[in-house]
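Here is the structure we will look at.
All of these numbers come straight from a predicted model, not from anything done at the bench. Note on naming: letters A, B, ... go to the chains in the order of the sequence lines (proteins, then strands), and numbering restarts at 1 for each one.
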There are 2 protein chains.
Amino acid sequence: MSHTVYDCSEGCPVEATLALIGGKWKGVILFHLLSDTIRFNELRRLMPGVTQRMLTKQLRELEADQLIVRKVYPEVPPRVEYSMADYGLTLAPIITALQKWGTEHLKKVKQEA
Amino acid sequence: MSHTVYDCSEGCPVEATLALIGGKWKGVILFHLLSDTIRFNELRRLMPGVTQRMLTKQLRELEADQLIVRKVYPEVPPRVEYSMADYGLTLAPIITALQKWGTEHLKKVKQEA
DNA sequence: CGGAATCCAATTCGATACTG
DNA sequence: CAGTATCGAATTGGATTCCG
C-alpha cells in the first residue's frame, strides 16, 4: 500500500524512502523512466517479468506519490506515456547508486557461482 | 525470499539491490547497524513496530546475504550481537542517501498535511 | 535472552477474461 | 492500446506458546 505508518524513533526516513521506491518493480520502472518517456506497452517489453496488473498498480502508486507523471493522449488507439515528475527526479542519485551497486553485486554473485 | 530471478534486460541491477535491502525493515536495520553493534533486544527497542518473528527473519536474510554478521556469545543468559559485515559496509552510501532523502520527504509531507 | 514452532488472518500476486 | 474485473494460489505478517 506504500502508506503504512512507521513508528520507529530514528531510522524512519530510510523506511519512508523505501516505502516509495522499494516496491517490487518500482525501482526498475524509475530507472527506465530516468532515461526516457515511455509508453505502457513499451514498459511491459522492458520488464518481461511483470504482469500487466502489477505494472498498472505500481505505476499508479508512483503517480500518487508524485514521482512520475501519467499523460493520456485522447487518440484512437489510445496512448499513455509515463515520465519522471520533478519530484521523482530528485531520486535520480539514489536510483543510479542502486544500479551501480547492483551491477557490482551481480558480478560478484556470478563469480561465486 | 530475496532470491527471486529477475528477467528484465537492463534495469536488473536496481532490482537486485532492492531485493537485498528493500525488505520491509531491512533498510532500518542496516541504518542502525551502521552506527553500532547491536543486540537482538536492543534492536527490538529501536524498532517498536517489528515483531520478534519478523525481526529474526529479516536478520537471518541479511546474514545470508553477507550484509551483516551475527555473533553468538556462549553465555548464560545468551547474548547475540549484530553488526555490519564488510560487504554490507559498501552499502553505506546508499543507506545514508535513503535516509537523507527520506528526511526531506517527511518534512515535505508534513507541510502538506 | 534470543529465539523456534505453530496457527491463523491479511495481503499480494498471477492467470485469465473482458472493455472503451 | 491500455487498461479493469474477478478469481484463486501463494506469500506475508501477527499473536501466541514453548525452549535451551
With a cut-off of 3.5 Å and sequence neighbours excluded, list every side-chain donor-acceptor pair involving residues 80-88 of chain B.
from, atom 1, to, atom 2, distance (Å)
B/Glu81, OE1, B/Tyr73, OH, 3.2
B/Glu81, OE2, B/Arg79, NH1, 3.0
B/Tyr82, OH, B/Arg70, NE, 3.3
B/Tyr87, OH, A/His105, ND1, 2.6

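With hydrogens and angles disregarded, a donor-acceptor distance shorter than 3.5 Å links the side chain of B/Thr17 to the backbone of A/Leu98.
In this structure, B/Leu55 atom CG and C/dG3 atom P are separated by 8 Å, rounded to whole Å. As rounded to whole Å, 5 Å separates atom P of D/dA2 from atom CG of A/Asn41. Between the CG atom of B/Leu59 and the P atom of C/dG3 there is a distance of 7 Å, given to the nearest Å. The distance between atom NZ of A/Lys71 and atom C1' of D/dA2, rounded to the nearest whole Å, is 17 Å. B/Arg79 has its CZ atom 16 Å from the C1' atom of C/dG3, to the nearest Å. As rounded to whole Å, 13 Å separates atom P of D/dT11 from atom CD of B/Glu61.
Close to D/dC1, at under 4.0 Å from its OP1 or OP2, lies no side-chain N or O of A/Arg45.
The shortest side-chain heavy-atom distance between B/Leu30 and A/Val14 does not fall under the 4.5 Å cut-off. Inter-residue side-chain proximity for A/Lys57 and A/Arg60 is flagged as unmet; no heavy-atom pair is nearer than 4.5 Å.
B/Tyr73 comes within 4.0 angstrom of no nucleic acid atom, judged by non-hydrogen atoms across all strands. In this structure, B/Arg44 reaches neither bases nor backbone, as no heavy-atom distance under 4.0 Å exists between it and the strands shown.
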Letter per nucleotide, 5' to 3', of nucleotides 13-20 of chain C [B base touched, S only sugar-phosphate touched, - untouched; heavy atoms, 4.0 Å]
BBB----B
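In this structure, B/Gln99 and A/Pro13 approach most closely via the heavy-atom pair O-CB, 3.3 Å.
Of the charged side-chain nitrogens involved, none lies within less than 4.0 Å of a carboxylate oxygen, so that A/Arg45 and A/Glu42 do not count as a salt-bridged pair.
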